[in-house]
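Contents: one structure, followed by commentary.
Numbers restart at 1 for each chain; the letters A, B, ... are given by sequence-line order, proteins then strands.
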2 protein chains.
Amino acid sequence: MGSRLRSSGRNLLEIIYKEENKVILDALHERSYRKRHLLFMPYHKEDLVCIVKTGKLRMYMGLEGKELSLSMLGPGDIFSTHSRAYVEALEDTTILACPVFKFFKAAMERQEFMLPLLMSLGDILTGALSIIERLYFHDIDKRVAAFFYEEALLRGENSTDGMRLHVGLTVDNIAKIVGSSRQTVSSLISAMEKNGIMKKLARGEYLITDMEELRLTALPCAE
Amino acid sequence: MGSRLRSSGRNLLEIIYKEENKVILDALHERSYRKRHLLFMPYHKEDLVCIVKTGKLRMYMGLEGKELSLSMLGPGDIFSTHSRAYVEALEDTTILACPVFKFFKAAMERQEFMLPLLMSLGDILTGALSIIERLYFHDIDKRVAAFFYEEALLRGENSTDGMRLHVGLTVDNIAKIVGSSRQTVSSLISAMEKNGIMKKLARGEYLITDMEELRLTALPCAE
DNA sequence: TCACAATCGTCGGCTGGACGACAGAAATAG
DNA sequence: CTATTTCTGTCGTCCAGCCGACGATTGTGA
């Protein structure tokens with residue numbers, strides 16, 4: 001998901017497991033959590049930098065029952081606890097955590113690590129700007145279409161009757177990602193089926209029957 | 001403006017002008033622009049890091065006549081051109097610019113600079129998350145009240161009849177900052193006057209007559 | 001100083017989309 | 001396997017706030 005707050009890549013994990021970058025790995029401590037565990041609340045008092053080792057996390061903001069998913073984090077992704085976001089485990093997960101300043105000191109000694117780290121931070125900021133842009137400038141029909149279009153580009157599989165897409169998310173989950181209500185997203189998916197663009201096969205499974213029409217619907221939200 | 005995309009401080013300027021950090025200053029090139037000049041368009045082809053030396057810039061996103069101000073940048077603030085934002089000069093401005101990787105190399109040699117740089121990036125990301133939160137979770141009346149409340153905390157001046165506040169922005173400018181239309185912000189200001197909370201003295205000048213009521217109106221948007 | 005541009009307050013119409021509700025279907029847990 | 005929980009599609013009501021329009025006021029530049 002290109003518009004999400006995450007750095008894209010396993011670079012960070014590969015780098016810290018190199019022998020010459022041992023100082024960084026030594027600064028990090030493993031923590032494991034079970035599925036559904038709420039790892040961090042907003043303004044967590046420990047000011048940590050964390051790297052996901054295995055598993056999957058969801059970072060989101062919430063207020064009065066309403067939620068906005070900021071990102072789905074996987075292995076190699078980095079995040080900090082000094083923010084107003086919740087972090088929950090979507091599956092059993094292991095992270096590598098370190099107090100911020102200790103992390104900085106270690107990172108400062110390894111240029112090989114520092115550059116991808118900065119690039120990761122840059123990616124996260126780009127993702128935040130993308131969320132802002134979408135929420136402010138684009139209506140929800142564009143945002144939903146863009147969501148599916150981008151998912152299809154990333155993980156769609158061609159088949160005889162169209163492009164199969166295993167999203168692995170419920171309609172409610174998708175709604176929290178695109179910043180809308182479940183009911184609205186549901187009816188938009190229904191409309192796309194009526195328009196011959198996409199068909200819901202089962203929970204989390206879709207068939208995109210007209211990729212070009214989906215792209216046009218998503219414009220200019222997805223480009 | 002606490003919720004804006006800017007790092008708060010002159011640290012970066014002070015640091016790069018120290019003799020021992022000459023390598024960083026040598027990497028930066030001065031560029032000057034007149035008031036109203038559009039410095040950078042979205043996806044500017046030069047991938048630059050810039051630090052404001054003097055003057056004032058506005059960074060904003062725009063689409064089809066609609067704009068959202070992301071931040072007001074002043075001396076010591078840092079930004080990059082690799083983004084989907086426009087950058088315009090609000091007054092005559094001088095910036096120090098450098099290609100990203102060259103900047104990184106120089107910064108990597110000076111730990112004294114690197115830490116405040118990372119903290120600046122952290123501040124910018126915090127600001128982005130704050131914008132997301134406000135746009136998504138709070139109605140416009142809260143956002144407007146929060147805007148004035150925070151401005152008052154920063155630069156309000158006590159007087160006999162209340163707190164004088166020189167914002168220096170038109171209603172239209174404020175609307176672009178809080179993410180709304182001029183008409184809506186105007187009518188909200190009018191309502192606050194009717195409710196005895198704040199009074200508009202002149203363009204960009206306000207008198208806050210009930211700071212506590214303003215704070216309550218702004219909750220939970222401003223905390 | 002004057003002409004013009006920018007700013008502004010106000011009104012009313014319109015719309016995007018949230019959301020409660022409900023019945024049915026699918027998945028999960030014991 | 002069964003009971004329970006989660007998910008879902010659909011409908012209809014409601015409302016936050018956008019936006020065109022217009023006349024008045026203020027600020028700027030020559």
Approximate separation, where rounding is to 0.5 Å, of [X] [atom1] and [Y] [atom2]:
X	Y	atom1	atom2	result
Asp77(A)	Ile124(A)	CG	CD1	8.0 Å
Phe40(B)	Lys45(B)	CZ	NZ	11.0 Å
Asp210(B)	Lys199(B)	CG	NZ	15.0 Å
Arg134(B)	Ile132(B)	CZ	CD1	13.0 Å

Using a cut-off of 6.0 Å, state whether more than 12 heavy atoms not belonging to [X] lie near its atom [atom1].
X	atom1	result
Glu157(B)	CD	no
His138(A)	NE2	yes
Lys200(B)	NZ	yes

Atom [atom1] of [X] to atom [atom2] of [N]: distance rounded to whole Å?
X	N	atom1	atom2	answer
Glu193(A)	dG9(D)	CD	C1'	11 Å
Asp172(B)	dC18(D)	CG	C1'	14 Å
Ile189(A)	dC7(D)	CD1	P	14 Å
Lys66(B)	dG17(D)	NZ	P	12 Å
Glu64(B)	dC18(D)	CD	C1'	14 Å
Arg143(B)	dC18(D)	CZ	P	7 Å

Expected string for nucleotides 22-30 of chain D under the B/S/- scheme (protein heavy atoms, under 4.0 Å, primed atoms plus P, OP1, OP2 as sugar-phosphate) is -----S---
Kindly write out the residues that satisfy side chain to side chain donor-acceptor pair (under 3.5 Å) with Glu64(B), not counting sequence neighbours, or none if the list is empty. none
For the side chain of Gln183(A), counting heavy atoms from C-beta on, which of dG9(D), dT10(D), dA16(D) is nearest?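 Comparing dG9(D), dT10(D), dA16(D) against the side chain of Gln183(A), the answer is dT10(D).
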Assign [X] to base, sugar-phosphate, or nothing according to its heavy-atom contacts below 4.0 angstrom with the strands shown.
X	answer
Ser187(A)	nothing
Thr170(A)	sugar-phosphate
Lys142(A)	nothing

Does a side-chain N-to-carboxylate-O contact under 4.0 Å join Arg31(B) and Glu46(B)? yes
Taking Asp92(B) as the fixed residue, which of Lys53(B), Lys35(B), Arg34(B) is the one that meets the salt bridge (charged side-chain N to carboxylate O under 4.0 Å, His left out) rule?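 Among the candidates, only Arg34(B) passes.
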Looking at five pairs on each end of the helix from dT1(C)-dA30(D) to dG30(C)-dC1(D), what is the angle between the two axes, given to 10 degrees?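 Roughly 70° between the end axes, to the nearest 10°.
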OP1 or OP2 of dT10(D) less than 4.0 angstrom from a side-chain nitrogen or oxygen of Ser190(A), does that happen here?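 True: Ser190(A) side-chain N/O within range (under 4.0 Å) of dT10(D) OP1/OP2.
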Thr184(B) vs dC19(D): side-chain N/O to OP1/OP2 distance below 4.0 Å: no
Between which nucleotides of DNA chain C, 5' to 3', does chain B make heavy-atom contacts below 4.0 Å? dT7(C) to dT10(C)
Is there any ring pair (Phe, Tyr, Trp, His ring centres under 6.0 Å) pair reaching into residues 171-220 of chain B, and which pairs are they, with sequence neighbours excluded? Phe148(B)-Tyr206(B)
Selection residues 150-201 of chain A - residue pairs positive for ring pair (Phe, Tyr, Trp, His ring centres under 6.0 Å), sequence neighbours left out: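 Sorted pair list comes back empty.
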